[in-house]
Amino acid sequence: MSERPVKVRIAPSPTGYLHVGTARAALFNYLYARHNDGKFVLRLEDTDVARSKPEFIQPILDALKWLELDWDEEIVFQSKRSELYAEYLERFLKTDRAYHCFCSREELEAERKQARADKRSMKYSRKCLSLSKEEIQAKLDAGEKPVVRVKIPEGATTYEDIVSGELTRQNEELEDFIVARSDGSVTYNFAVVVDDYDMGISHVIRGNDHITNTFKQIILYNALELELPVFGHVPMILRPDKKKVSKRLGDKDVGEYQNEGILPEAMINYLSLLGWSPKVDNEIYSRQELIDLFDTSGLNNSNAVFDDEKLLAFNFSHIQKKSDHELAVLAAPLLVDAGVTTKYWLETRWEFLRQVVGLLRERLHRMSDIVTLGGYFFDFDYTYDPKAEAKQFHAEGAQLLSDLAERFEALDQFTHDKVEAALSELAEERDIKKGKIIHPTRLAVSGMSIGPGLYDLLVVLGQRTVVDRMKKAVEYIHQRS
RNA sequence: GGCGGUAUCGUCUAGUGGUUAGGACAGAUGGUUCUCAGCCAUCAAGCCGGGGUUCGAUCCCCCGUACCGCUACCA
């Protein structure tokens, strides 16, 4: 295999959204290309008229863009390349590896059934291989539309997989698979060979569910006398029940993780460690670090279960790496979408938003947590947590809230220290623990029993808001009783 | 069924012919604290089974088992 410039590709078929398996294959290709100053290109395998849907194309592109797996060059659409395939098919037909087959689908189906019944694997009988030129011409003249099959050679096919090492398949395990349909269009393996060759793909890194295809493709490369790319097959990503991830089983696609508040860098980082390892005791990496580190020698060959919890932990880590400003940028649209505030309001109070995320950041496992954990900063329309309310909003609590609100109102400066001092004083005078005051106050101003340190929380909320909310809580307690 | 691949804590993984088999997530416990989270510390948890090869196998070989994949005029 001669040295060629590195050029890799991801070739999704638009039969659904982008799932994590395809995303990871894309990532490995992307990392390999970037690491080696090569090209990473995108090809859409959209030739399955029955299952391909144009409406899946954009979401796939969006997901790739979200992950910033940006591809080089123009997107290649298989559906637009039928002329190219026809050329190669022409060429293939001239080799002694090609032959026409007139067997009907019904006949083949019957053979298949029989093979099953006999517990044999289905292999085409080669019935049409022995047809004479005259017989073929006669059928053609009669208007029969044959398919084109490849005559699998004797012997075995071997190649060196960059993940699994040397792999061999006895050719007799392969059947004379169909290369072109009766309507003249080529099938998957033929199109892939033509495309990978034509596009100058140097390395084919894909899921190991393609290993059988690889042998078929190699036979086609050989028949067409084309130079082979290097192949590498990465393990599958499995669900917690060890089944291959699939949309049908309810597995999330990449877009759903995005909507849940997963950061693209977290997804990238997590995915990179499924089936690959940098072999050091560190797991959190930036995109650039992954590019620098990525090496096919770190690829392993056993399937990996996708663990949402660990993804979340990675997400948390990457959230912590961001600045308050960056987090504010990410949080703003989520808060607006949730209806707790408006875009305009936030734009005029950016510093406030920045402080809020600064306060909440180490509680954010997914960005969307900002809404549930911090909605009260923007919206007074919260309800009190029922359990906490039962515990804190009693007569004594109301009295404390009312007293504290008065003292807060009288403060000339609403700083952490002043607030703390006011609260401590009250606790001392009443000879009670500070917690007795802190908890009802937190509930009054946030509706929640959990959250950031109270003094910080109060300062960010602001004197006016705090006092208002406390008074309102007092009223609420009185009304209720 | 046939063919192929894989097998280290629950999960993702590192690792070596001789190691206290390492890390991360999750779990447990303790500390910090006004709560939650975080942070810190500690703990628990693994070499699929059986044969070989060898002075010695988690590691190499074989068999078994389990799991995964492929087995279309789909991609």
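The basis for the numbers below is simple: all heavy atoms, side chains too, and nothing from hydrogens, waters or symmetry mates. In the text below, chain A, chain B and the rest are named by the order of the sequence lines, each starting its count at 1. Because the structure is predicted, anything quoted here is derived from the model rather than measured.
Of the candidates B:A75, B:C3, B:A14, B:A14 carries the atom nearest the A:N300 side chain, counting heavy atoms from C-beta on. Comparing atom distances between the A:L108 side chain and each of B:C73, B:U11, B:U35 picks out B:C73 as nearest. Distances were taken from every side-chain heavy atom of A:R442 (C-beta onward) to each of B:C34, B:A37, B:A7; the shortest belongs to B:C34. When distances are taken from the side chain of A:S182 to each of B:C68, B:G23, B:C73, the shortest belongs to B:C73. The side chain of A:F316 has B:C39 as its nearest neighbour among B:C12, B:G5, B:C39. Side-chain proximity of A:E175 to the nucleotides B:G5, B:A72, B:A24 is greatest for B:A72. Looking at the side chain of A:D209, the nearest of the listed nucleotides B:A14, B:C70, B:U11 is B:C70. When each of B:A24, B:A75, B:U6 is scored by its nearest atom to the side-chain atoms of A:N213, the top-ranked nucleotide is B:A75. Nearest to the side-chain atoms of A:S277 among the listed nucleotides B:A14, B:G4, B:A75 stands B:A14. With distances taken from any side-chain atom of A:D281 to the nucleotides B:C34, B:C25, B:G23, the minimum falls on B:G23.
Summarising the geometry, the separation between NE2 on A:H365 and P on B:C36 is reported as 14 Å, rounded to the nearest angstrom. Regarding A:L238, its CG atom lies at a distance of 11 Å from the P atom of B:U11, rounded to whole Å. Atom CD1 in A:I438 sits about 13 Å away from atom P in B:C36, given to the nearest Å. One interatomic measurement links the two molecules: NE2 of A:H233 to P of B:G4, which rounds to 16 Å at whole-angstrom precision. Summarising the geometry, the separation between NE2 on A:H210 and P on B:G69 is reported as 13 Å, rounded to the nearest angstrom. Atom CG of A:N269 is separated from atom P of B:A24 by 15 Å (rounded to the nearest Å). One can place CD1 of A:I450 at 11 Å from P of B:G38, the figure rounded to the nearest angstrom. With rounding to whole Å, A:L360 atom CG is found 17 Å from B:U35 atom P.
Of the inter-residue distances, the one linking A:T47 atom OG1 with A:Q78 atom CD reads 5.0 Å to the nearest 0.5 angstrom.
Here A:K242 reaches the OP1 or OP2 of B:U11: one of its side-chain N or O atoms lies under 4.0 Å away. Contact annotation: A:N208 side-chain N/O to B:G5 OP1/OP2 distance is not under 4.0 Å. For A:R112, a side-chain nitrogen or oxygen approaches OP1 or OP2 of B:C73 to under 4.0 Å. For A:K279 and B:G15, the shortest distance from a side-chain N or O to OP1 or OP2 is below 4.0 Å.
Base pairing analysis places B:A57 opposite nothing; no Watson-Crick or G-U wobble pair with both distances below 3.5 Å involves it. Pairing for B:C3 goes to B:G69, judged as Watson-Crick or G-U wobble with the two contacts each under 3.5 Å. With both pairing distances under 3.5 Å, B:A75 is matched to nothing as a Watson-Crick or G-U wobble pair. Pair assignment for B:G10: B:C25, on the basis of Watson-Crick or G-U wobble contacts that are both within less than 3.5 Å. Across all strands shown, B:G64 forms a Watson-Crick or G-U wobble pair with B:C48, both key distances being under 3.5 Å.
Here A:G453 lies in heavy-atom contact (under 4.0 Å) with a base. At the heavy-atom level, A:P452 lies under 4.0 Å from base atoms of the strands shown. Residue-level contact check: A:V305 touches the backbone only, with heavy atoms under 4.0 Å from sugar-phosphate atoms and none from bases. Using a 4.0 Å heavy-atom distance criterion, A:S449 is classed as a base contact. Counting non-hydrogen atoms under 4.0 angstrom, A:I211 reaches nothing in the nucleic acid. At a threshold of 4.0 angstrom between heavy atoms, the contacts of A:Q320 with the nucleic acid are absent. Counting any heavy atom pair closer than 4.0 Å across all strands shown, A:T47 reaches sugar-phosphate atoms only and no base atom.
Between the side chain of A:E283 and the base of B:G23, at least one donor-acceptor pair of N or O atoms lies under 3.5 Å.
Counting only heavy atoms from C-beta outward, the side chains of A:N171 and A:E154 never approach each other to under 4.5 Å.
The heavy-atom pair separating A:L373 from A:Y376 by the smallest distance is O-CE2, 3.1 Å.
Taking atom P in both B:G49 and B:C9, one finds a spacing of 10 Å when rounded to whole Å.
Side chains of A:Y270 and A:D307: no donor on one and acceptor on the other come within 3.5 Å.
Between A:F294 and A:F28, the ring centre distance stays below 6.0 Å.
Using a 4.0 Å cut-off between charged side-chain N and carboxylate O, A:K252 and A:E260 make a salt bridge. The existence of a salt bridge linking A:D403 and A:R430 is confirmed by a sub-4.0 Å separation between a basic side-chain nitrogen and an acidic carboxylate oxygen. Between A:R9 and A:D196 a salt bridge is recorded (basic side-chain N to carboxylate O distance below 4.0 Å).
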